[in-house]
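Contents: one structure, followed by commentary.
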Amino acid sequence: MAYNRLKKSMKRRHCSPDIPAKRRQTDPPKASQSCHQPYIPPNELLRCLRLFLHQRCSKLRPSTIWPVRWLRNIDTHLFVAGYQSKKFLSSGSVVFLYMLCRDLISPEIDSLDELQASLLTCYYIAYSYIGIELGYPAKPFLMGGSRTTFWERCISYTQIMSSKMLKINNNRRFYREVLAELKAMGR
């Protein structure tokens, strides 16, 4: 009998990782069920962000690919340059970026340069706030304008959004509301 138990335990150690051992199914506690967030691929959320910017900047009607291309170019540049060990554009970072854009990018924007400057400033704030490194170079986020203008815009945006930036990290309900609003843009 002891030999049979030993034989069974050895069998489990050598089983294929593709075939999980049978385990007793138990229901997770109710609290963890309410915290579960469905995974939404970053590409889908970027599509929703692109649609939001297209709708928000109705005077401008930017190309549908430009805003996402700007973000991806910076993300790739910082990854290749070694400023980060993995890509920044994840589902959570896109939701955070959307929250900033929603409140900071004006519908009155009438030039592509102004949209790019505002979007990249929001992106820099997102990187600085939730990125894995202590600091990122500002150069990839600058465009044509002066550094002083960029830093003034960063400070202004941060002062406006500081309470919401804290809230989205501390309040799951608020995060889910912003996520749902962003997903609604894609419908």
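Just so it is clear, the values below take in all heavy atoms, side chains as well, and ignore hydrogens, waters and symmetry mates. Treat the numbers as computed from the prediction; the structure is a model and nothing was measured. Along the sequence shown, residues are numbered consecutively beginning with 1.
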Heavy-atom side-chain proximity of Ile130 to Met165 below 4.5 angstrom = no
For the student: nearest non-hydrogen atoms of Ser91 and Pro41, plus distance = OG-C, 3.9 Å
Side chains of Tyr124 and Leu100: does their closest heavy-atom pair fall under 4.5 Å?
-> no
Report yes if some heavy atom in the side chain of Leu182 is under 4.5 Å from a heavy atom in the side chain of Val94; otherwise report no.
-> yes
Are Phe79 and Tyr123 co-members of a hydrophobic cluster defined by side-chain heavy atoms under 4.5 Å apart?
-> no
In terms of the angle between their ring planes, are Trp66 and Trp70 parallel, tilted or perpendicular, with boundaries placed at 30° and 60°?
-> parallel
Whether Ser118 side chain and Glu114 backbone form a donor-acceptor pair below 3.5 Å | no
Among pairs that include at least one residue of residues 84-109, which meet salt bridge (Lys or Arg N to Asp or Glu O under 4.0 Å), considering only residues two or more places apart or in two chains?
-> Lys59-Glu108, Arg102-Glu181, Asp103-Lys164
Donor-acceptor pair, Asn171 side chain versus Lys167 backbone, under 3.5 Å?
-> no
Is the shortest heavy-atom distance from the side chain of Tyr98 to the side chain of Leu179 under 4.5 Å?
-> no
So which heavy atom on Trp151 is nearest to which on Ala138, and how close?
-> CZ2-CB, 3.6 Å
Kindly compute the distance separating CZ (Arg69) from CG (Leu46), expressed to the nearest 0.5 Å.
-> 13.5 Å
Please examine the side chains of Ile40 and Val95, heavy atoms only from C-beta on, and report whether any two atoms are closer than 4.5 Å.
-> no
Give the ring-plane orientation class for Phe96 versus Tyr129, where under 30° counts as parallel, over 60° as perpendicular and anything between as tilted.
-> parallel
Hphob cluster co-occupancy, Ile155 + Ile105, side-chain heavy atoms under 4.5 angstrom | no
Contact check, side chains of Leu78 and Pro137, non-hydrogen atoms, under 4.5 Å = yes
If you take all heavy atoms of Ile74 and Pro140, which pair is closest and at what distance?
-> CD1-O, 3.4 Å
Non-hydrogen atoms of Met185 and Cys48 that approach each other most closely | CB-O, 3.7 Å
Of all heavy-atom pairs linking Ser106 and Arg56, the shortest is C-CD, 4.2 Å
Is there side-chain contact between Thr121 and Leu104, with heavy atoms separated by less than 4.5 Å?
-> no
Give a yes or no on whether Leu45 and Phe174 share a hydrophobic cluster (residues Ile, Leu, Val, Met, Phe, Trp, Tyr; joining criterion: side-chain heavy atoms under 4.5 Å apart).
-> yes
For the hydrophobic clusters of this structure (ILVMFWY residues joined by side-chain heavy atoms under 4.5 Å, transitively), does one cluster hold both Ile160 and Leu119?
-> yes
Going only through I, L, V, M, F, W and Y residues with side-chain contacts under 4.5 Å, is there a path from Val68 to Met143?
-> no
About how many Å separate CZ of Arg147 and CZ of Phe150, when rounded to the nearest 0.5 Å?
-> 8.5 Å
Any chance the rings of Phe141 and Tyr136 have centres within less than 6.0 Å?
-> no
So, the side chain of Ser93 versus the backbone of Phe88: is there a donor-acceptor pair under 3.5 Å, distance only?
-> yes
Check Met99 against Met161 and note the closest heavy-atom contact, atom names and distance.
-> O-CE, 3.8 Å
Hey, what do you get for SG (Cys154) to CD1 (Ile125), rounding to the nearest 0.5 Å?
-> 5.0 Å
Which value, rounded to the nearest 0.5 Å, describes the distance between Leu71 atom CG and Gln116 atom CD?
-> 9.5 Å
